[in-house]
Peer 1: 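Here's a structure for you.
For this chain, numbers begin at 1 and follow the sequence in order. Atom set for the values below is all heavy atoms of this structure, side chains included, hydrogens, waters and symmetry mates excluded.
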Amino acid sequence: MNSIVKRVIHRIRRSVSSQQCFSPSRPLQSAEALFTLSCRAAGGAVGPPVDCSVTVEQAVSLWARHFQQHGISEPLLSSQYIIAHVLGKKTLNCVERSHLRDSLTDQQRENVWKLCTKRLTRMPLQYVIEEWDFRDLTLKMRPPVFIPRPETEELVSLVLEDLQTELRGRTWPALRCLEVGCGTGAISLSLLHSVPQLKAIALDQSKEAVFLTKENASRLGLQGRLEVHHLDIIKDADLVVRDCSAVDVLVSNPPYLFTEDMESLQEEIIRFEDHLALDGGSDGMRVISQILTLAPKLLTKDGRVYLEVDPRHPALLKHLVEQRKLGLQYLETRYDFTKSHKNISEATILHPTEKMTRLKSMLLCHSLSQNTFFVFPELYVG
């Protein structure tokens with residue numbers, strides 16, 4: 001063993017021995033395994049250490065440190081989630097503390113090293129373990145299908161809150177919902193899971209997304225109330241109107257990022273997620289404009305629209321409906337900067353008919369690069 005290798009192992013040994021979770025009996029062996037892993041990473045696949053006993057705690061600490069050294073975001077959480085997944089648990093909190101000092105089996109160790117090696121390539125954690133929780137559902141995840149963000153859970157909560165208010169004290173036939181850009185199916189499936197009276201239609205321009213939504217629906221036993229179509233709302237507008245109307249709820253987390261902002265996204269997003277699910281064009285409004293254009297043709301009399309948009313879009317939306325005369329009238333925008341305090345400003349929109357139909361559009365304002373703003377406007381359409 002040359003002097004450089006000895007120095008590296010000594011440095012790693014010194015760092016790991018300072019952590020209480022390590023067994024003092026095998027620090028050098030684990031350090032050698034980690035160094036071997038580091039060397040192999042440059043050549044591609046990383047193999048697990050050979051003839052090396054590694055406990056759960058040791059594996060978590062070793063990989064967390066290795067992720068940190070290689071600039072992987074959230075290194076400790078990445079390590080914890082991957083190893084918990086290999087152990088068949090959601091998180092390490094679900095593992096009895098005494099078992100954290102158990103050695104991984106050969107198969108478990110091999111799986112940990114395999115999945116952690118994927119994470120080293122900057123593959124998002126959701127893709128690495130191939131599943132993620134959205135609200136109270138566990139959904140399958142696969143690249144390049146867009147990964148649902150926690151902020152979209154807020155959008156679903158607001159849709160459900162509004163639906164429950166509308167349903168209270170009324171006898172409704174089966175409600176129908178349309179999700180534009182379904183991705184994993186997170187929004188539609190969450191709504192179906194929570195509202196027994198609901199049937200849903202989901203569409204996406206990506207075949208991979210359509211297949212994944214169908215798979216998730218089948219796994220959750222919701223396939224009987226969900227139709228999934230491979231349609232592009234811009235290119236296939238006539239088919240969307242023909243096959244997807246009329247609906248009581250139109251909901252979407254559309255591509256809303258400005259093209260110029262794409263370069264500032266994390267490497268994980270740029271390398272692995274579908275850019276068509278992110279890039280909304282020069283002003284982020286390409287798909288949003290089309291949704292609002294088709295909304296009056298897709299909605300029932302008391303239909304509602306719910307959208308997630310960029311913080312810069314409220315002014316653009318107001319300009320859009322006023323200049324293009326879409327038959328929508330901008331009524332209200334609610335900004336939630338802290339998730340606890342809302343500043344409300346109002347505007348109005350009228351459809352050019354005597355009879356007005358209420359269309360409530362909650363625009364959840366969020367940027368993938370800046371988790372800050374929320375917007376919830378209301379619209380009216382006649």
Peer 1: Enter the distance from Gln108:CD to Asp106:CG here, rounded to the nearest 0.5 Å.
Peer 2: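 Separation between the atoms: 9.5 Å.
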Peer 1: Hey, are the side chains of Phe67 and Cys116 touching, using non-hydrogen atoms and a 4.5 Å cut-off?
Peer 2: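 Answer yes - side chains close enough.
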Peer 1: For Phe211, does the CZ atom sit with more than 12 other heavy atoms under 6.0 Å from it, leaving out its own atoms?
Peer 2: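 Counting neighbours around CZ of Phe211, 12 or fewer heavy atoms of other residues, nucleotides or ligands fall under 6.0 Å, so no.
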Peer 1: Measuring from atom CG of Leu203 to atom CD of Glu179, what distance do you get when rounded to the nearest 0.5 angstrom?
Peer 2: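 If I round to the nearest 0.5 Å, the distance is 8.5 Å.
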Peer 1: Given side-chain contact (heavy atoms from CB on, under 4.5 Å), test Leu265 with Leu257 step by step and report yes or no.
Peer 2: CA-CA 10 Å; Leu265 296 177; Leu257 293 184; 3.7 Å; yes
Peer 1: Measure across Thr121 and Phe272 and return the closest heavy-atom pair with its distance rounded to 0.1 Å.
Peer 2: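 Looking at all heavy atoms of both residues, the shortest contact is O-CE1, 3.6 Å.
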Peer 1: Rounded to the nearest 0.5 Å, what's the gap from CD1 on Ile269 to CG on Asp274? Could you check?
Peer 2: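 Between Ile269 CD1 and Asp274 CG, I get 12.5 Å after rounding to 0.5 Å.
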Peer 1: Under the side chain to side chain donor-acceptor pair (under 3.5 Å) rule, collect the residues that match up with Glu215, sequence neighbours excluded.
Peer 2: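 Checked Glu215 against side chain to side chain donor-acceptor pair (under 3.5 Å); matches are Arg142.
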Peer 1: Is there a continuous path of hydrophobic side-chain contacts, each under 4.5 Å between heavy atoms, that joins Val145 to Met141?
Peer 2: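 No, Val145 does not connect to Met141 through the hydrophobic network.
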Peer 1: For atom NZ of Lys140, decide whether the heavy atoms of other residues, nucleotides or ligands shown that lie under 6.0 angstrom number more than 12.
Peer 2: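 More than 12 within 6.0 Å, yes.
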Peer 1: Report yes if the side chains of Ser190 and Leu137 come closer than 4.5 Å at any heavy-atom pair, otherwise no.
Peer 2: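 Side-chain contact under 4.5 Å: yes.
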Peer 1: Does His70 reach the main-chain N or O of His66 with its side chain, forming a donor-acceptor pair under 3.5 Å?
Peer 2: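 Checking the backbone N and O of His66 against the side chain of His70, a donor-acceptor pair under 3.5 Å is found.
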Peer 1: Taking only residues at least two apart or on different chains, which pairs with a member in residues 218-228 satisfy side chain to side chain donor-acceptor pair (under 3.5 Å)?
Peer 2: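 Non-adjacent pairs meeting side chain to side chain donor-acceptor pair (under 3.5 Å): Glu227-His229.
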Peer 1: Between Lys89 and Glu96, is the closest basic N to carboxylate O distance under 4.0 Å?
Peer 2: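 Salt bridge between Glu96 and Lys89, a charged N being under 4.0 Å from a carboxylate O: no.
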Peer 1: Would a 4.5 Å heavy-atom cut-off, applied to side chains only, mark Leu307 and Ser252 as touching?
Peer 2: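 When only atoms from C-beta onward are counted, Ser252 and Leu307 do touch, with a gap below 4.5 Å.
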Peer 1: Is there a path of hydrophobic side-chain contacts, each under 4.5 Å between heavy atoms, that joins Leu220 and Val210?
Peer 2: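 Both belong to a single hydrophobic cluster.
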Peer 1: Restricting to non-hydrogen atoms, name the atom on Glu153 and the atom on Phe134 that form the minimum distance, rounded to 0.1 Å.
Peer 2: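 Looks like CG-CE1, 3.5 Å.
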Peer 1: Going by heavy atoms in the side chains, are Arg122 and Ile72 under 4.5 Å from each other?
Peer 2: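 Side-chain contact under 4.5 Å: yes.
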Peer 1: Who are the side chain to side chain donor-acceptor pair (under 3.5 Å) partners of Arg271, not counting sequence neighbours?
Peer 2: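 Applying side chain to side chain donor-acceptor pair (under 3.5 Å) to Arg271 gives Glu267.
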Peer 1: Is there side-chain contact between Pro143 and Gln126, with heavy atoms separated by less than 4.5 Å?
Peer 2: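 Not touching, per the 4.5 Å side-chain cut-off.
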Peer 1: Would you say that Asp261 contacts Arg312 through its side chain, given a criterion of any heavy-atom pair below 4.5 Å between the two side chains?
Peer 2: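 Yes, side chains in contact.
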Peer 1: Which heavy atom of Ile201 sits nearest to which heavy atom of Ser188, and what is that distance?
Peer 2: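 Scanning both residues, the minimum pair turns out to be O-OG, 4.5 Å.
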Peer 1: Nearest heavy-atom pair of Met123 and Lys118: which atoms, and what distance?
Peer 2: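 Here Met123 and Lys118 meet closest at CB-O, 3.4 Å.
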Peer 1: Under a 3.5 Å distance rule, please check whether His85 uses its side chain to pair with a backbone N or O of Val112 as donor and acceptor.
Peer 2: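 Flag not set: sc His85 to bb Val112 has no pair under 3.5 Å.
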Peer 1: For Gln80 and Leu92, indicate whether the former's side chain and the latter's backbone hold a donor-acceptor pair under 3.5 Å.
Peer 2: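 It does not hold such a pair.
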Peer 1: Give, for atom CG of Leu163 and atom OG of Ser194, the distance between the pair rounded to the nearest 0.5 Å.
Peer 2: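 Going from CG on Leu163 over to OG on Ser194, the span is 10.0 Å.
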Peer 1: Should Glu273 and Tyr127 count as side-chain neighbours, where that means a heavy-atom distance under 4.5 Å?
Peer 2: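 Counting from C-beta outward, Glu273 and Tyr127 do come under 4.5 Å.
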Peer 1: For residues Arg101 and Thr55, report the shortest heavy-atom separation together with the two atoms involved.
Peer 2: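 Closest approach of Arg101 to Thr55, heavy atoms only: O-CG2, 3.3 Å.
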Peer 1: Quick one about Ser206 and Glu208 (side-chain donor to acceptor, distance below 3.5 Å, no hydrogens or angles considered), yes or no?
Peer 2: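 Side chains of Glu208 and Ser206: pair found under 3.5 Å.
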Peer 1: Between the side chain of Asp248 and the main-chain N/O of Leu175, is any donor-acceptor distance below 3.5 Å?
Peer 2: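 Side chain of Asp248 to backbone of Leu175: no pair is present.
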Peer 1: Is atom CG of Asp238 surrounded by more than 12 heavy atoms (other residues, nucleotides or ligands) closer than 6.0 Å?
Peer 2: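 Atom CG in Asp238 is not packed in, count stays at 12 or less.
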Peer 1: Return yes if some donor-acceptor pair links the side-chain N/O of Thr213 with the main-chain N/O of Ala209 below 3.5 Å, else return no.
Peer 2: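 Yes, the answer is positive, given that a donor and an acceptor are paired below the 3.5 Å cut-off.
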Peer 1: With hydrophobic residues grouped by side-chain heavy-atom distances under 4.5 Å, do Phe258 and Ile291 end up in a single group?
Peer 2: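 Yes, same cluster.
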Peer 1: Quick one: pull up CZ in Arg135 and CG in Leu160 and give me the separation to the nearest 0.5 Å.
Peer 2: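 Spacing of CZ (Arg135) from CG (Leu160) equals 5.0 Å.
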Peer 1: Applying the 4.5 Å side-chain criterion to the ILVMFWY set and letting contacts propagate, would Leu292 and Val240 be lumped into a single cluster?
Peer 2: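 Both belong to a single hydrophobic cluster.
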Peer 1: What distance separates Asn111 CG from Leu104 CG, expressed to the nearest 0.5 Å?
Peer 2: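 It is 10.0 Å, given to the nearest 0.5 Å.
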Peer 1: Do the side chain of Thr184 and the main chain of Phe146 share a donor and acceptor less than 3.5 angstrom apart?
Peer 2: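 No.
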Peer 1: With a 6.0 Å cut-off (strictly less than), is the heavy-atom count around CD of Gln68, excluding the residue itself, greater than 12?
Peer 2: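 No, because the 6.0 Å sphere around CD of Gln68 holds 12 heavy atoms or fewer from other groups.
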Peer 1: What about Val228 and Leu276, same hydrophobic cluster or not, with Ile/Leu/Val/Met/Phe/Trp/Tyr joined at side-chain heavy-atom distances under 4.5 Å?
Peer 2: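 Val228 and Leu276: separate clusters.
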Peer 1: Report yes if the side chains of Leu299 and Arg304 come closer than 4.5 Å at any heavy-atom pair, otherwise no.
Peer 2: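 No, their side chains stay 4.5 Å or more apart.
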Peer 1: If you look at every heavy atom in Ile83 and Ala59, which pair is closest and at what distance?
Peer 2: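 Ile83 and Ala59 have their closest heavy atoms at CD1-C, 3.5 Å.
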Peer 1: Can you check whether Lys235's main-chain N or O pairs, donor with acceptor, with Asp232's side chain at less than 3.5 Å?
Peer 2: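 Judged by distance alone, yes, a pair lies under 3.5 Å.
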Peer 1: Yes or no on side-chain contact (heavy atoms from CB on, under 4.5 Å) for Val86 and Leu115, after CA distance, side-chain angles and deciding distance?
Peer 2: CA-CA 9 Å; Val86 170; Leu115 297 182; 3.9 Å; yes
Peer 1: Once you measure the plane-to-plane angle for Trp132 and Tyr81, does it fall in the parallel (<30°), tilted (30-60°) or perpendicular (>60°) bin?
Peer 2: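 Answer is tilted, since the angle falls between 30° and 60°.
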